[in-house]
2 protein chains.
Amino acid sequence: MLDAALADDTASRACLFEVFARTLPHGRRYGVVAGTGRVLDLIRDFRFGEPELDWLRENEVVRPATLDWLADYRFSGTIRGYREGELYFPGSPILTVEASFAEGVILETLVLSVLNYDSSVAGAAARMVSAAAGRPLAEMGSRRTGERSAVAAARAAYIAGFAATSNLEAGRSWGVPTMGTAAHAFTLLHDSEEEAFRSQIEAMGPGTTLLIDTYDVERATDLAVEVAGPALGAVRLDSGDLPALVASVRARLDALGNHNTKITVTNDLDEYTIAALAATPVDSYGVGTSVVTGSGSVAAGMVYKLVAHRGDDGEWMSVAKRSAKKSTIGGRKNAVRRLDDRGTATAEVLYVEGLEEAGGSAAAGAERPLLVDLVVDGVPLDEHLGAAGVKRAREHHVEALRELPLSAFRLSRGGEAIIPTEYAAERGR
Amino acid sequence: MLDAALADDTASRACLFEVFARTLPHGRRYGVVAGTGRVLDLIRDFRFGEPELDWLRENEVVRPATLDWLADYRFSGTIRGYREGELYFPGSPILTVEASFAEGVILETLVLSVLNYDSSVAGAAARMVSAAAGRPLAEMGSRRTGERSAVAAARAAYIAGFAATSNLEAGRSWGVPTMGTAAHAFTLLHDSEEEAFRSQIEAMGPGTTLLIDTYDVERATDLAVEVAGPALGAVRLDSGDLPALVASVRARLDALGNHNTKITVTNDLDEYTIAALAATPVDSYGVGTSVVTGSGSVAAGMVYKLVAHRGDDGEWMSVAKRSAKKSTIGGRKNAVRRLDDRGTATAEVLYVEGLEEAGGSAAAGAERPLLVDLVVDGVPLDEHLGAAGVKRAREHHVEALRELPLSAFRLSRGGEAIIPTEYAAERGR
């Protein structure tokens with residue numbers, strides 16, 4: 001595409017690309033935007049170096065003129081979109097990229113890879129956080145996703161309300177609080193469970209979390225209390241019939257006087273098993289596979305579409321694909337969330353530039369603007385970057401969730417977006 | 001774990017860790033090992049640099065002595081396992097790491113992240129290849145997985161029999177054949193579909209593939225032939241009711257005399273929709289989401305377990321976790337695939353060092369050894385690395401598939417491993 005567009009001079013046409021999802025992942029009532037800060041970092045650093053150019057040249061993938069263009073590539077356009085941590089609904093213009101066709105089209109795969117994966121994780125994580133009803137969740141799924149995606153998953157889960165991660169690199173690069181745990185291998189390495197427990201307490205102090213299900217949970221509970229004393233921080237269960245097991249471990253800890261020793265569970269949890277443990281005396285959860293794989297929806301289904309370009313006359317023209325089932329609403333959009341008088345969201349309203357017929361209802365209500373500047377003339381805005389950006393996204397997510405009606409937090413699958421998306425004619429915006 | 005083990009001197013104990021999957025992904029009859037070559041690369045380069053050490057120090061994650069150990073980290077152990085491209089079954093010791101506890105335990109997350117993701121993709125890809133029954137498949141799912149996982153997915157799909165990828169970086173770093181495609185944006189950018197087609201043919205020649213479903217498929221088919229002539233390489237359909245659409249486009253192309261123009265389809269395909277197109281005149285498939293997300297099983301479920309360590313007396317001791325439902329068979333294993341006299345696999349036989357009672361049947365048959373050296377004394381063997389390693393893995397995969405009974409290629413879900421895994425007492429191995 002790039003090669004042909006550079007050759008026929010359409011490459012320089014000013015274009016507006018839009019990232020949106022046609023639907024939410026199956027059974028979800030709202031989506032959570034995540035990955036925006038990572039996208040901005042990656043776009044800022046997106047270059048074609050000598051190894052890449054050499055390979056493209058040797059394999060004659062593009063013409064020499066295109067190689068020259070790639071060698072100089074540096075994004076100089078403007079990106080607006082939803083804040084990271086914001087909620088989204090079908091059609092929400094999560095990210096809009098305004099640039100020449102060439103500059104914009106080349107970012108499609110990068111932008112979608114990041115937003116699809118990170119938002120998928122964040123959407124799943126948000127459901128787990130609401131299922132946990134205030135008990136802290138730790139992300140422990142690095143080993144269940146690609147080695148780089150693992151860092152992104154820890155970051156996205158944190159934005160959606162997880163308390164910590166076992167991924168230290170996510171702590172280093174994004175400021176996510178980290179935690180550790182001992183695995184069964186640590187117990188098996190030692191000549192006895194007692195030696196393993198003593199070694200861990202020697203190194204970490206009695207406030208550590210001891211893994212008690214390597215051999216026999218009941219004996220290990222007694223041993224943990226015997227070795228660590230009343231200050232034992234927590235015990236961890238990673239297998240077995242959790243509700244029954246948790247209750248018996250709690251009773252045993254209490255009988256031994258360890259009322260302050262907490263119980264953490266980590267056995268293939270997802271939002272449903274977390275909810276099923278609501279009535280048990282669990283204190284915290286460690287979640288692996290289900291959160292890093294988006295709990296069954298590992299790609300958020302976002303697409304990156306050309307919605308408008310500027311013609312030779314300088315006027316912007318809406319463009320849209322019209323094929324079956326996948327049609328796109330062309331045109332530049334302004335997005336607001338309509339709120340009723342109690343501040344509860346009632347609709348995602350998209351004001352479409354150039355839309356003739358006003359679709360949707362004309363219901364009244366306050367409107368919270370959703371689009372903010374992310375990159376201006378090629379420069380990403382600092383507030384969205386780094387650990388500070390992650391912290392802001394996490395805070396913003398909490399604010400945005402407060403606007404949702406209670407029914408948004410139902411766990412059952414088979415629902416649909418909790419508020420409708422309305423396309424409306426622009427009103428002087 | 002590392003901190004405590006270095007403090008109590010168990011860190012230096014010689015250990016044997018084993019990577020295996022307790023079960024195959026739901027409905028799969030065989031698994032496909034992928035990621036091995038990437039793991040070897042990553043282990044060779046696995047270091048803790050100043051930024052990482054500084055962060056660990058500032059956050060007091062580990063003691064100073066552990067920081068010193070990390071600063072010098074360099075894997076010096078030995079790794080044996082299944083060849084990349086090999087098939088695996090529940091319990092197959094896909095990778096075994098023999099090293100000190102400290103050197104081995106620190107690789108767990110890295111090794112599992114790579115093998116779980118890559119093998120998940122390869123397992124799904126292999127089913128699509130068999131469903132396609134000889135028609136070529138292209139991997140086009142980069143945008144539906146993390147930005148680094150995208151390269152790994154293209155590589156894994158190729159090992160499992162895909163013909164090409166749209167991910168150029170996978171071409172550059174792993175030698176996977178690459179292909180491109182024009183998106184709807186390219187058509188929308190131009191003032192008319194005709195201008196877009198002319199531009200593409202100007203740049204790429206008439207042998208290119210034109211996307212014909214931006215507006216109206218029938219008109220675009222006529223236009224494509226008119227613009228490109230009889231040498232038009234292919235047309236692509238990305239939406240709509242594919243079986244009916246494919247048949248009508250084929251009829252139209254034939255009526256226009258373009259008997260050699262191929263049809264490629266790319267609309268949210270997976271192994272089932274590919275199979276459903278078997279009777280239609282499709283020539284090739286482009287597969288996105290489903291292959292890069294492991295078609296519903298995005299993590300292969302492999303675990304990394306300590307199965308033996310050498311005691312103070314110098315003797316190896318088998319160790320195993322015994323908790324409910326997740327027990328592990330301890331001990332060093334030799335793995336062979338038992339074949340009947342026609343060369344068809346009948347069992348995965350694991351000879352376990354120190355196993356007292358001989359489990360499984362004592363059926364006769366040829367035995368193909370499955371374990372090969374991958375890393376010797378810290379040095380990865382060249383034959384498994386780089387583009388040449390990928391090519392070997394792809395070839396080996398074809399060889400290994402030939403041993404499977406025909407029923408292994410049933411598409412229906414709900415099956416189980418096509419051959420049993422038998423644990424047997426070692427026989428002088």
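Throughout, protein chains are lettered first and strands after them, A, B, ... in sequence-line order, and every chain is numbered starting at 1.
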Subject >> Ala300(A) portion near chain B, given a 4.5 angstrom heavy-atom threshold >> reply: neither
**OP:** Determine the option with the most heavy-atom pairs under 4.5 angstrom with chain A, choosing from Gly141(B), Gly171(B), Ala150(B), Ala5(B).
**Re:** Gly171(B)
Subject >> Region of Val62(A) in contact with chain B, defined by heavy-atom distances below 4.5 Å >> reply: neither
**OP:** Answer yes or no: are there more than 12 heavy-atom neighbours, outside Arg63(A) itself, under 6.0 Å from its atom CZ?
**Re:** yes
Original post:
Which region of Ile201(B), side chain (C-beta onward) or backbone (N, CA, C, O), has a non-hydrogen atom less than 4.5 Å from a non-hydrogen atom of chain A, or is it both or neither?
Top reply: neither
Original post:
Among Gly146(B), Ser120(B), Cys15(B), Gly301(B), which residue forms the greatest number of heavy-atom pairs with chain A at distances under 4.5 Å?
Top reply: Gly146(B)
Original post:
With the threshold set at 4.0 Å, does a side-chain nitrogen-carboxylate oxygen contact exist between Glu193(A) and Arg219(A)?
Top reply: no
Subject >> Residue pair Phe186(B) / Ala4(A): nearest heavy atoms and the distance that separates them >> reply: CZ-CB, 3.6 Å
Original post:
Ser149(B) and Tyr117(A): side-chain donor and acceptor closer than 3.5 Å?
Top reply: no
Subject >> Arg38(A), part contacting chain B, at a heavy-atom distance under 4.5 Å >> reply: side chain
Original post:
Within a radius of less than 6.0 Å around CG of Asp45(A), do more than 12 heavy atoms belonging to other residues, nucleotides or ligands occur?
Top reply: yes
Original post:
Relative to chain A, which segment of Asn59(B) carries a heavy atom at a distance below 4.5 Å: side chain, backbone, both, or neither?
Top reply: neither
**OP:** Measure distances from Thr178(A) to the heavy atoms of chain B and classify the residue's part below 4.5 Å as side chain, backbone, both or neither.
**Re:** side chain
Original post:
With a 4.5 Å limit on heavy-atom distance, are the side chains of Leu237(B) and Thr266(B) in contact?
Top reply: no
Original post:
Among Glu202(B), Glu195(B), Gln200(B), Glu194(B), which residue meets the side-chain hydrogen bond (donor to acceptor under 3.5 Å, both in side chains) test with Arg198(B)?
Top reply: Glu194(B)
Subject >> Residue selection (most heavy-atom pairs with chain A, distance under 4.5 Å) from Thr289(B), Asp54(B), Leu168(B), Leu56(B) >> reply: Leu168(B)
**OP:** Pick one of side chain, backbone, both or neither for Glu58(B), based on which atoms fall under 4.5 Å of a heavy atom in chain A.
**Re:** neither
Original post:
Which one of Ala203(B), Ser199(B), Ser142(B), Ala153(B) has the most heavy-atom pairs closer than 4.5 Å to chain A?
Top reply: Ser199(B)
